[in-house]
Amino acid sequence: DTEVTQTPKHLVMGMTNKKSLKCEQHMGHRAMYWYKQKAKKPPELMFVYSYEKLSINESVPSRFSPECPNSSLLNLHLHALQPEDSALYLCASSQIEGAFSEQYFGPGTRLTVT
Amino acid sequence: DAKTTQPNSMESNEEEPVHLPCNHSTISGTDYIHWYRQLPSQGPEYVIHGLTSNVNNRMASLAIAEDRKSSTLILHRATLRDAAVYYCILRGPQGAQKLVFGQGTRLTINP
């Protein structure tokens, strides 16, 4: 199974809402990632988890809160988002970090903030 | 991170070979060259990677120049399903966890 699953596929939320994005993989990978992709732009890294610990935060605003409850799951908690946060949120995983490691991506959650 | 330069777009015909170029003149000796592609409405997917020698896998071939300042992704027989944005990415020991995507090349395949 080389699949990364993400739920929900689509999410519409208001600026005062709290919601969560979920990502799951069962490949035994120990590194997991969140990327953000605006329309017609390349993906941008947000967070990296390595062995369930946050190892990289690319200066992401605190209204985005990642969580890695176990080695298979990665969540992104959203609170008080702005309309400019509307984007495709991609999750990925890899066998631990390394310049030669391949990242597997999920299909993404398309988020609209109204 | 060392930067890569790719053409914004390319077009080819179905069942013909496609050569996607990437320039990376500031590549360091320890940087791996990775290629990913993103099909419409999907997440990126890994295509191939290499360090110095040319590489082949079931999806594509990677030809790396002798001075490593450029590389070419080769799709031997393009299909309509190969229409995607192709990203050439350098990954070195520093920041190896990161994939830093450039603008990529949007490949169109004509039937």
Side-chain angles (χ1 to χ4, degrees), chain A residues 2-7 9-10 21 23-25 27 29-51 53-60 68 74 87-110, chain B residues 1-9 22 24 27-53 55 57-60 62 64 68 84-107:
Chain A
T2 58
E3 193 178 18
V4 174
T5 59
Q6 291 188 244
T7 53
K9 285 188 169 32
H10 302 274
L21 309 184
C23 172
E24 196 163 1
Q25 57 88 14
M27 294 178 276
H29 290 169
R30 302 310 298 270
M32 296 187 77
Y33 312 79
W34 281 115
Y35 290 82
K36 174 181 178 178
Q37 186 173 25
K38 301 281 279 183
K40 306 273 188 216
K41 297 291 186 184
E44 294 179 342
L45 182 67
M46 299 174 72
F47 302 104
V48 180
Y49 271 83
S50 177
Y51 290 96
K53 293 193 187 310
L54 184 65
S55 60
I56 294 178
N57 176 342
E58 292 285 273
S59 303
V60 178
C68 190
L74 185 66
L88 181 68
Y89 288 84
L90 294 159
C91 174
S93 70
S94 69
Q95 290 184 359
I96 206 53
E97 63 271 356
F100 44 82
S101 67
E102 170 185 346
Q103 291 189 15
Y104 292 80
F105 284 80
T109 294
R110 189 161 300 282
Chain B
D1 295 312
K3 293 207 179 294
T4 63
T5 304
Q6 299 177 253
N8 288 335
S9 62
C22 181
H24 29 78
I27 191 171
S28 76
T30 52
D31 285 343
Y32 281 79
I33 303 159
H34 285 246
W35 284 81
Y36 281 73
R37 71 180 186 181
Q38 188 170 19
L39 279 65
S41 303
Q42 294 189 28
E45 65 174 343
Y46 166 82
V47 178
I48 201 166
H49 77 272
L51 184 61
T52 56
S53 305
V55 185
N57 66 21
R58 64 175 178 80
M59 288 181 71
L62 177 60
I64 301 173
R68 300 210 328 125
V85 179
Y86 286 78
Y87 297 101
C88 170
I89 302 168
L90 300 184
R91 298 179 72 189
Q94 298 294 325
Q97 290 174 307
K98 301 184 182 184
L99 279 180
V100 181
F101 290 84
Q103 294 304 310
T105 297
R106 182 172 298 277
L107 176 64

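Predicted model only: the values in this text are computed from it and were never measured. Throughout, a chain's letter reflects where its sequence line sits, starting with A, and its residues are numbered from 1.
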Original post:
Do the side chains of B:Arg91 and A:Ser101 get nearer than 4.5 Å, heavy atoms only?
Top reply: yes
**OP:** Would you check if B:Leu99 and A:Tyr35 make a side-chain contact, meaning some heavy-atom pair closer than 4.5 Å?
**Re:** yes
Which value, rounded to the nearest 0.5 Å, describes the distance between [X] atom [atom1] and [Y] atom [atom2]?
X: A:Glu102; Y: B:Glu45; atom1: CD; atom2: CD; answer: 9.5 Å
X: B:Tyr36; Y: A:Gln103; atom1: OH; atom2: CD; answer: 5.0 Å
X: B:Ser41; Y: A:Lys9; atom1: OG; atom2: NZ; answer: 12.0 Å

Subject >> Contact summary for A:Pro42 and B:Gly102, nearest pair of heavy atoms >> reply: CB-O, 3.1 Å
**OP:** Write down the atom of B:Pro44, the atom of A:Leu90, and the distance for their closest heavy-atom approach.
**Re:** CD-CD1, 3.8 Å
**OP:** For B:Arg68, look at atom CZ and say whether over 12 heavy atoms of other residues, nucleotides or ligands are found less than 6.0 Å away.
**Re:** yes
Original post:
Do you know which of A:Glu58, A:Glu44, A:Lys41 has the most heavy-atom pairs with chain B at a distance under 4.5 angstrom?
Top reply: A:Glu58
